[in-house]
**Student:** 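Take this structure, written in structure tokens, and hold onto it; I'll ask about it next.
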2 protein chains.
Amino acid sequence: MQQQAMGPASTAPAMHDFGGTTYFYTAGSQHARHSPLPAALLPGGHLFHLPHTALMKPKANQPSFFMQDELRLDTLRRQYLLAAQIDPVQHPDIPSEVDNYHTLYPLEPVPRDPKHRSSTFGFITSCYKSISAKDAMAYCLTRIHGFHMVNSKCMLFTDMWKKIQHSNIVQLREVFTTKAFGEHSLVFVHDYHPGAETLMAHHFNNPQQNKDFFEGAAAGKGNKTKPGMVNGPRQHAGLLPESLIWCYVVQLSSALRTIHAAGLACRVMDPTKILITGKSRLRVNCVGIFDVLTFDVNQSNPMALIPQFQQEDLLSLGKVVLALACNSVAGIQREFLQKAMELVTLNYSSDLKNLILYLLTNQGRPKSVNDIMPMIGARFYTQLDAAHMRCDVIEAELAKEVENGRLFRLLCKLGIINDRPGLGLDSDWSETGDRYLLKLFRDYLFHQVTESGEPWIDMAHVVQCLNKVRLFVCLFVSLNNSLFMRSSNQPASRFSLKS
Amino acid sequence: MQQQAMGPASTAPAMHDFGGTTYFYTAGSQHARHSPLPAALLPGGHLFHLPHTALMKPKANQPSFFMQDELRLDTLRRQYLLAAQIDPVQHPDIPSEVDNYHTLYPLEPVPRDPKHRSSTFGFITSCYKSISAKDAMAYCLTRIHGFHMVNSKCMLFTDMWKKIQHSNIVQLREVFTTKAFGEHSLVFVHDYHPGAETLMAHHFNNPQQNKDFFEGAAAGKGNKTKPGMVNGPRQHAGLLPESLIWCYVVQLSSALRTIHAAGLACRVMDPTKILITGKSRLRVNCVGIFDVLTFDVNQSNPMALIPQFQQEDLLSLGKVVLALACNSVAGIQREFLQKAMELVTLNYSSDLKNLILYLLTNQGRPKSVNDIMPMIGARFYTQLDAAHMRCDVIEAELAKEVENGRLFRLLCKLGIINDRPGLGLDSDWSETGDRYLLKLFRDYLFHQVTESGEPWIDMAHVVQCLNKVRLFVCLFVSLNNSLFMRSSNQPASRFSLKS
């Protein structure tokens, strides 16, 4: 009756490979012929899939979430980046330790020309991945070269920034001065997001991109149907899909809203300071740096300029959105502005046009990031749906893997104990008593044979037995030794782990 | 120089246990004394953490996301539920197969009294988890007892429902009629979400909950400061936090918006038909059932009543929100309505009060789910931030586990090949040639000893070596056999896997 009820399952293969993960179906697998399942049906190892993530389809109006293989490769790539180290012999210029941080790894080429200053901050900067000796986690260090005048009053700002935890902001963790690089340097410690690219590199890597369109237009030779055919992830007429632009708008406005609500200003709303990870997740990087670099000790109220900077943030957001809509940084140049707005009007919804106009033009009164919410409107729902689905997909992947770590550790423990004849006379390691049981269990686990004595390989059997080991250990403790010595005298092939 | 550069790492412990997952730090671990790392520093196994999830703190105004242990336990619990089976001998009333579905598992007690009809659908219903023979995935079957008249025209509705994929709707997959239960039955197949509870069971499990408050009020004995102190997840004065209610409002309105935009009506916006998984994720269940059960063949246009049903959906949403705000289903009874609105006014924001008023009162014109977006306002940002953070946490968990499955499979393969003296004469299994190499590798992996011959246990060594196996396999193929026979003559302890 039981076998009958499970009939359809036994027609399913015992092992499946989904996106690189091998799946084991214990119920009704071929192993049943060796040891039938007990009457009380307990779940064995990994079992059935859930359709709500397995059958999920990407939606046309949403930025697509990762497929499972892509997620796996992306995770591995980020782990690789997280672990990357340089050979210190070949990089004598990089110190072995800076304050509490070690294992520095340059994330961008170190500028050797002292005239090569960051266009944003006006100082030479360099950027390193580094490991904190305090918590063994990876952080990103931004070094401001040759900067040593820091008034402790500016820590007012850094203390405020450190408290801002938001999914679209790279969190500031620490600021310190150091001479470890051979000169006075100021170092900002932010979270490290491996594999992150700047929005500039991701979308505007070709400075000529779509520029022809604008320059052609300026020279009266514009051709509306063919605006620049340079490579890049663009849809019709070389433009980004509107859903992606809104996805960015929601994230960037979310970051600005949190920053402004905390009484701060972002000041780095720029394609070179916005990081993108995965397909469409944005994070504003380098927050808090400007507040320290431009700190004016003569200013009685350091917060006085914040409202003005907040207005500049909104203007900068408008420029970022316009550049994305034109898919060219040329679009934000003053002389091309009218042409760029025409492009937006022709290709995108009026909501997007109104949003850009609101952010770029003088409204006669202070603008607020809250005013753009009605323009986003129902697109919030789309973003939330996409985020929830991405959660579901990753959770389903995690569910597949959650027990593998435990099973792996069990096999390691078994491997360390079994078959150590070299330690034959050491009573803690010899193959007697408990260790003999474990050797028999190893044989039972891996060395199954068919009735004719041929090796029988069934991963489902291995997983199922290891999952029963917890029960086995309970038995081991509760039953008396003599009972176990009896079982252990049975031949290996008949040693049973019935729970 | 290299060792010096890695100095700080070697002070870190070689193995860490975070939330049940053991972590291996290969760089600078004690293993270095046995085989120093090669000059080109490649990442070994798992390495450093990322701070942006490890240091994340739950926010006060957001429903908290899972902590890591909680996530793991929840995943295991759901896998257990997914795999649960009944003993068919003790449940002869449950058929072994229903159409393409097998291994039925009742999700609620099967009503034996024929008068016990579902208060929602007006029929006897029962609900089973089941596995599809087509794709081996788990689904939820809802059986309508004794229903066999189905006009094929109603498939118009089910076809529309099947296309609706949304993170807050339990997707309908199939509808079929069957006699497998011994009588004509109609079966609806929806996605199965293990561990889901109804909103009714989660928040309103005690029917007396907060009811005293309303009944006392009706009898003129109301005490505003002490509304019902029955157990339940409530804040001050026994009420739910407003952020949680908004979290629900956003999700339910998101579901309604999608359904209405598809030209359908939900018709099951009821606490007994809304499922909650995890801390706060809602999904509307049983969609599409009403459309089939109440299908009227005499109606020339089956879509004619949809606008009316959509208005009823919004009224039902208002009742759900009011019940949540009062934390009692008593609040939605007509005689307590005024008292309930007073409670909302006293304890919650005017936005929530206005939302409930809008949904419950006649506006003189058709209401639309889009009208409530301005009342939700910036709370969309909060929800998105929470969803993104939850994604980050789960992704960080996945990153820890992603390689464990592969390592586990490698150890299984090794275990299956090694030490099979019983097959001594079979040249495919004996311990010669390639198999001898693998035995030596096994010894190298697990049987390390210190200089004095004591066993040396270092999980980091095991993980690092297994991660090099890919390189080893490449070598194995590219180098000639004789070279390898030479290495294999070395004693096991000196066999080296330098890549």
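The structure displayed is predicted, hence computed values, not measured ones.
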**Student:** Would you say the side chain of B:C412 lies within less than 4.5 Å of the side chain of A:L411, judging by non-hydrogen atoms?
**Tutor:** yes
**Student:** Which bit of A:S132 comes within less than 4.5 Å of chain B, counting heavy atoms only: side chain, backbone, both or neither?
**Tutor:** neither
**Student:** Heavy-atom distance under 4.5 Å to chain B: side chain of A:I376, backbone, both or neither?
**Tutor:** side chain
**Student:** Please determine, among B:N418, B:V170, B:L384, B:T75, the option with the most heavy-atom pairs under 4.5 Å with chain A.
**Tutor:** B:L384
**Student:** With a 4.5 Å cut-off on heavy-atom pairs, point out which of B:R281, B:R442, B:R257 contacts chain A the most.
**Tutor:**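 Counting heavy-atom pairs under 4.5 Å, the top option is B:R281.
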**Student:** Below 4.5 Å, heavy-atom pairs only: which of A:H447, A:M373, A:K413 has the largest tally toward chain B?
**Tutor:**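 Between A:H447, A:M373, A:K413, the count favours A:H447.
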**Student:** Identify the residue among B:Q165, B:R173, B:R283 that makes a side chain to side chain donor-acceptor pair (under 3.5 Å) with B:D191.
**Tutor:** B:R173
**Student:** Taking the basic N atoms (NZ, or NE/NH1/NH2) and the acidic carboxylate oxygens, is any pair closer than 4.0 Å for B:K439 and B:D443?
**Tutor:** no
**Student:** Tell me whether the rings of B:F380 and A:Y381 are parallel (<30°), tilted (30 to 60°) or perpendicular (>60°).
**Tutor:**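 Because their plane-to-plane angle is over 60°, the rings of B:F380 and A:Y381 count as perpendicular.
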**Student:** Tell me which of these, A:G377, A:S254, A:A387, has more heavy-atom pairs under 4.5 Å with chain B than the rest.
**Tutor:**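 If we count pairs closer than 4.5 Å to chain B, A:S254 comes out on top.
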**Student:** Do B:F446 and A:L414 come within less than 4.5 Å of each other through their side chains, counting heavy atoms only?
**Tutor:**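 A side-chain contact under 4.5 Å is absent here.
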